[in-house]
Amino acid sequence: MTGQPPSSDSRAAPALALVTGASRGIGRAIALELAAQGLHVAVNYKSNQEAAQQTLAQIEERGGRGELCPFDVTDEAAVNTALDALFARHPRIAVLVNNAGIVADNLFAMMSSQDWRRVTDTSLGGFFNVTKPVIKKMIPHKQGSVVTISSVSGLIGNRGQANYAAAKAGLMGATRALASEVARIGIRVNAVAPGVIQTDMTKDLPLDVLKKIIPMGRCGLPEEVARVVRFLCSDDASYVTGQIISVNGGMV
Ligand code: NDP
């Protein structure tokens, strides 16, 4: 996004925003928010096509534009194939939101190597697999914004989440390093670290108990994360890069 939403110029095709894991939860809210800014949103998901269709339908009901873009962020070859096809249709990518993520919680002593790898491959491996081809596409245009969804867990290290905390903390380091590499080119790279947000990921957690440790006394909504992502993608954040923005009701 460049100040005014790209689609405000009716002669130009709208710029592209790719949101990974946009079929549900926080990713869906981000997709809706970015589409409302005039971006053409590629709605990525892994397997839940029905939910992804609902995201796209909601975008279109609100007058926005987008398309489905399924791939597994852990599969580098599949990512490259899907992105080659996407970039052939939409040569200018303005925004990438790395949102896809999973949890597989367990105490570290009990954690399987498979659960360690599944979680780190999705968040951290997904960041590499998706961001690399996108950044290479942004560099010639000397413009773009990358926002990655980290977590409060990466800041404080939640009990039972060594895999997830490692992945999410790794994303913060990758964000800062990449931001410093591409800042002079005009590409901004930031991360958002949500606290406890009401989505499928948290639906089995004891939210009433968790609320007691959140200073604001409530869980967050996906839309509250999405509005911060929208800000970071906009020209209102033109001098913001390499930052980790917490959206957590005051937890840390
Ligand atoms: P959900 O479980 O509600 O949704 C996860 C999304 O990620 C789905 O769209 C899912 O697709 C997609 N996804 C999962 N694995 C892959 C993969 N390998 N390739 C492509 N897409 C994939 O999660 P949330 O909305 O709660 O979380 C979104 C992000 O926010 C995650 O990174 C999470 O770690 C982070 N976060 C969430 C918090 C919370 O409290 N909810 C707090 C802090 C951070 P499909 O529908 O096809 O399965």
Polar side-chain atom of [X] near backbone of [Y] as donor-acceptor pair, under 3.5 Å:
X: T175; Y: A191; result: no
X: S180; Y: A177; result: yes
X: N44; Y: L68; result: no
X: R92; Y: H141; result: no

If hydrophobic clusters are built by linking Ile, Leu, Val, Met, Phe, Trp and Tyr wherever their side-chain heavy atoms come under 4.5 Å apart, do [X] and [Y] end up in the same one?
X: V247; Y: M201; result: no
X: V97; Y: L32; result: yes
X: L96; Y: V189; result: yes
X: V79; Y: V147; result: no
X: V182; Y: I93; result: yes

Residues in side chain to side chain contact (heavy atoms under 4.5 Å, CB included) with [X], at least two apart?
X: A42; answer: L16, L18, C69, L86
X: K142; answer: I185
X: P222; answer: I26, A29, I197, T199
X: R159; answer: L107

Query raised in the report: Sequence neighbours excluded, which residues qualify as side chain to side chain donor-acceptor pair (under 3.5 Å) partners of R176?
Result: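 Listed in chain order: nothing, the list is empty.
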
**Report entry** Set of side chain to side chain donor-acceptor pair (under 3.5 Å) partners for K132, sequence neighbours left out
**Finding:**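 Testing K132 for side chain to side chain donor-acceptor pair (under 3.5 Å), a comparison that skips the adjacent residues, returns none.
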
Min side-chain heavy-atom separation [X]-[Y] under 4.5 Å:
X: S123; Y: L171; value: yes
X: I187; Y: I139; value: yes
X: R65; Y: P14; value: yes
X: I149; Y: V192; value: yes
X: P133; Y: N80; value: yes
X: V73; Y: F71; value: yes
X: K46; Y: P70; value: no
X: D72; Y: T122; value: no

Hey, could you give me the [atom1]/[atom2] distance between [X] and [Y], rounded to the nearest 0.5 Å?
X: F128; Y: L178; atom1: CZ; atom2: CG; answer: 11.0 Å
X: S145; Y: D235; atom1: OG; atom2: CG; answer: 9.5 Å
X: Y164; Y: D115; atom1: OH; atom2: CG; answer: 14.5 Å
X: E223; Y: I30; atom1: CD; atom2: CD1; answer: 10.5 Å
X: S151; Y: N248; atom1: OG; atom2: CG; answer: 9.5 Å
X: M251; Y: S246; atom1: CE; atom2: OG; answer: 10.0 Å

Requested in this report: With sequence neighbours excluded, give me every salt bridge (Lys or Arg N to Asp or Glu O under 4.0 Å) pair touching residues 73-84.
Outcome: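 Pairs touching residues 73-84 that pass the test: none.
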
Report task. Might you work through the side-chain contact (heavy atoms from CB on, under 4.5 Å) test for N190 and R188, ending with a clear yes or no? Result -> CA-CA 7 Å; N190 292 287; R188 295 181 300 100; 3.8 Å; yes

Kindly give the heavy-atom pair with the smallest separation between [X] and [Y], and that separation in Å.
X: L34; Y: A17; result: CD1-CB, 4.1 Å
X: S47; Y: Y45; result: N-CD1, 3.7 Å
X: A165; Y: S153; result: CB-O, 3.4 Å
X: L56; Y: G66; result: CD1-C, 3.4 Å
X: G249; Y: I214; result: O-CG2, 3.8 Å
X: L124; Y: G170; result: CD1-C, 3.7 Å

Requested in this report: Test side-chain contact (heavy atoms from CB on, under 4.5 Å) on C219 and K211 and set out the steps.
Outcome: CA-CA 6 Å; C219 299; K211 280 179 198 168; 4.2 Å; yes

**Report entry** side chain to side chain donor-acceptor pair (under 3.5 Å) contacts in which one or both residues fall within residues 53-63, not counting sequence neighbours
**Finding:**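 Sorted pair list: R28-Q54, R28-T55.
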
Query raised in the report: Which other residues belong to the hydrophobic cluster containing M111, where Ile, Leu, Val, Met, Phe, Trp and Tyr are joined when side-chain heavy atoms lie under 4.5 Å apart, directly or via other members?
Result: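 ILVMFWY cluster around M111 also holds F108, W116.
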
Report task. Begin from the C-alpha positions of M138 and Q143 and carry the test side-chain contact (heavy atoms from CB on, under 4.5 Å) through to its verdict. Result -> CA-CA 6 Å; M138 285 176 171; Q143 200 179 40; over 6 Å; no

For residues 98-106, tabulate all N or O donor-acceptor pairs below 3.5 Å that involve a side-chain atom, not counting sequence neighbours.
unit_1 : atom_1 : unit_2 : atom_2 : d
N98    : ND2    : T131   : OG1    : 2.9
N98    : ND2    : T148   : OG1    : 3.2
N99    : ND2    : T20    : O      : 3.1
N99    : ND2    : G21    : O      : 2.9
D105   : OD1    : Q161   : NE2    : 3.3
D105   : OD2    : Q161   : NE2    : 3.3

Query raised in the report: What pairs with R218 under salt bridge (charged side-chain N to carboxylate O under 4.0 Å, His left out), at least two apart in sequence or on another chain?
Result: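 Scan of R218 (salt bridge (charged side-chain N to carboxylate O under 4.0 Å, His left out), adjacent residues dropped) gives E224.
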
Query - Those residues that, when tested against D204, pass salt bridge (charged side-chain N to carboxylate O under 4.0 Å, His left out) (two or more places apart) - result: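 Per chain and number, D204 pairs via salt bridge (charged side-chain N to carboxylate O under 4.0 Å, His left out) with no residue.
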
Query raised in the report: Is R117 atom CZ crowded by more than 12 heavy atoms from other residues, nucleotides or ligands, each under 6.0 Å away?
Result: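 Open: at most 12 neighbouring heavy atoms sit under 6.0 Å from CZ of R117.
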
Requested in this report: List the steps, then state whether side-chain contact (heavy atoms from CB on, under 4.5 Å) holds for N48 with R24.
Outcome: CA-CA 9 Å; N48 197 337; R24 297 181 277 128; 3.7 Å; yes

